[in-house]
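First listed ligand is number 1; within each ligand, the first listed atom is number 1. Small disclaimer: the values here were computed from a predicted structure and weren't measured.
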Amino acid sequence: MHAADTPPLIALRGIRKRYGGGTQPEVGVLHGIDLTIRAGEFVALVGASGSGKSTLMHVLGCLDRATAGTYHINGHDVTTLDADALAWLRREAFGFVFQGYHLIASETASENVQVPAIYAGMPDVERAARAAALLDRLGLADKQGNRPNQLSGGQQQRVSIARALMNGGRILLADEPTGALDTRSGAEVMALLHELADAGHTIILITHDRDVAAQARRVIEIRDGVIVADSNESVDAGNETVDGSNHTVDAGNDTVAYHNERPLDPASSPTRRTLPDLDLRDAATTSGASLQADLREALRTAWRGMRMNRGRTGLTLLGIIIGVASVIVMLAIGEGARQKVVEQMGSMGTTIMYLNSQPPATGGPAGQLTPDDLEAVQALPEIRRVMPVIGDPITVRRGNAERQNYVFAANQDMPAIHHWKLVAGRYFTDAEDRALAPLVVLGIGAKNHFFRDTPDPLGRQVLIGNSPFEVIGVLAERGADSGAQYYDDMVFIPYRSGRARVYQAQTQPDYVVVEAMSSQDVLPAEKAMNDLLIARHGGRKDFAIGNAAARLQAEAATRNSMTMMLGLIAAVSLLVGGIGVMNVMLMTVRERTREIGIRVATGARQRDILRQFLTEAVLLTVTGGVMGLIAGLAIGAGLIALGMQLVFSVLAMLGAFLCAVITGLVFGFMPARTAARLDPVIALAGEA
Ligand code: ADP
Ligand code: MG
């Protein structure tokens, strides 16, 4: 059938496999295997347990590398291929059927069958349709949605055969496929293999059972890692169309209904393009699954994994949720407190100090703040304005209206210092103050009291004490200030004329408002003023300087460090959440070792596995991040309802969320890499 120069499908020469070495004792398992298998052959490898059959199958299936010898597929040297090319070969050339079925426990029959096609990049719809068709032909049409534990052994083995055929299954490697099955199921599986052999698949059946082996068309016996017999030694010479005379299964057996009624149709199976199509040069260029499809698949399995382990997932999520929510809430509390301080500073002025005389701490009388003192202070470079103030309740009258009214005597800087506007008229000037002009500006409340039915009070007079003052302006409404004084009810007169006409008994201002050049100048200004006045007062500190701004700034600083501490606590809890993620991922990888082996055997590359587990870790943290975000906002809303001042920052939320994603990537990487680097043979042998 084959031209003499066509290279055989499989050619092993002098294959040796040794385990151990280094610290472990070396065990030789295969001792120079020479084997040629042509396309379309149905070969049984028979041998006692421990003779090296599985080892040979792993080498044949490119799951493991031989220690020595050469391996050619279609004339191409396989021993020189890199890991990705080997994954391509497993995907495109081989189909594995194992004694233990090796189905992924969490996936349905249909999903299990689809796994190899995912790595081959087959589109979703086509994949599902092909899996359905394969399962249908293998008599499992009604079991597509069943998980492995809802299937009998024989059914599971048929699912695994369907999986082996998913990408074509040109070469089927079946390691003890009937070993775990009852006689009848075993016969069914064997009948199926015959049918596939008839359809053109190359089948390599591994068994320790001579009766099973006898059903193959060629029987090769292996003993202690050496081939000791080959029923068809002459096949190498070129004729593999030999009819299997030892084909003892009764094809007409009515227990194997699907066998006769619905033969696998070779035309619809890609196996017929077997030989010429399997060009190893494709291995380097075929990328396998698209990134998008791969991510979708990774997300799907990740979601399933999370749901399967709800308790564990929930606890890990809780860690991340607490982390993210606390970052958001703590920063919102911190920012709220900061803004409150800023507001207070804004209303009081960040540059304002208060100076008044006071008995010194060392004893003795309080000092006198003289006009010369104030001029000297005004001359300091850090000082912008100096405003002496005298204020007391004084009898104020206008017509019939009369009341004790707070009379505020200060200089022309009052509106500037208090950021206060006028709604009518003007404020008095320095010149008018120096000229002791009897002028008054009314707060809006005072205006309403004394000039209830006079729309325009300007130019009218009021009596303050016993002196008449002319109204020249009305101030805008200010409302109750943080100082609890009701400024709108006050009246404002020039400082000097106030002292001359109203506060004659007063020898010095009640207090002096001193404004620094800028908020940075407040502390130097305070110090300069302090030093200056001590020098002027003969070394006595018989005055006091109140610095509202400095106090507020100090408060802001402690709040800032509180915010930082809160943020740190939140960050630590995120870190703890991340460690939780790593823990869960390491457990997941351990639990799913066999799944990883199955995925690699069906054609997943290392990077597919890495991506899958990284996606799982990131999905976990992103889910936690979203829930943390919601929790944080909910807690924040609750605190706001309780009257706390919180300011949410979009940046903080984005930051916390990004942190969660990065946590997943960073803490998921190590477990994912562990998974990707698992030896498929060892992984397949792993528990669970
Ligand atoms: P079979 O499938 O024919 O029963 P195997 O190929 O599984 O035999 O194993 C052949 C021999 O190789 C056994 O003696 C086994 O103990 C040994 N062996 C298999 N895998 C390993 C390994 N990873 N390390 C050391 N020895 C191994
Ligand atoms: Mg074995």
Polar atom proximity, G52 to ligand 1 (N or O, under 3.5 Å):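 There is such a contact, yes.
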
Any N/O pair G50/ligand 1 closer than 3.5 Å: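 Yes.
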
Protein non-hydrogen atom found under 4.0 Å from atom 25 (C) of ligand 1: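 Within 4.0 Å of atom 25 (C) of ligand 1, protein heavy atoms are found.
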
Heavy-atom protein contact below 4.0 Å for atom 16 (O) of ligand 1: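 Within 4.0 Å: no protein heavy atom nearby.
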
Give the atoms of ligand 1, by number and element, whose distance to some non-hydrogen atom of [X] is under 4.0 Å.
X	result
S54	1 (P), 2 (O), 6 (O), 7 (O)
A48	3 (O)
S49	4 (O)

Got [X] and [Y] here, is their nearest side-chain heavy-atom distance under 4.5 Å?
X	Y	answer
M670	M585	no
V59	I33	no
I171	H201	no
E107	E595	no
L172	L165	yes

Mode of T55 contact toward ligand 1 - side chain, backbone, both, neither (heavy atoms, under 4.0 Å):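 Both of them.
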
Smallest separation among heavy atoms of E591 and N309, with atom names: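 Closest approach of E591 to N309, heavy atoms only: OE1-ND2, 4.2 Å.
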
Matching residue for I320 among V622, T623, V581 - test: side-chain contact (heavy atoms from CB on, under 4.5 Å):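 Exactly one option meets the side-chain contact (heavy atoms from CB on, under 4.5 Å) with I320, and it is V581.
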
Metal site the Mg ion (ligand 2): N/O/S of M57 inside 2.8 Å: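 It does not: M57 brings no N, O or S atom closer than 2.8 Å to the Mg ion (ligand 2).
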
Protein heavy atom at shortest distance from atom 19 (C) of ligand 1: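 Nearest protein contact, heavy atoms only, for atom 19 (C) of ligand 1 is Y19 CE1, 3.5 Å.
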
Top protein contact for atom 12 (O) of ligand 1, by heavy-atom distance: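 Checked against all protein heavy atoms, atom 12 (O) of ligand 1 sits closest to V29 CG2, 3.1 Å.
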
F98/F96 aromatic ring centres below 6.0 Å: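 Close enough - the centres of the two rings lie under 6.0 Å apart.
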
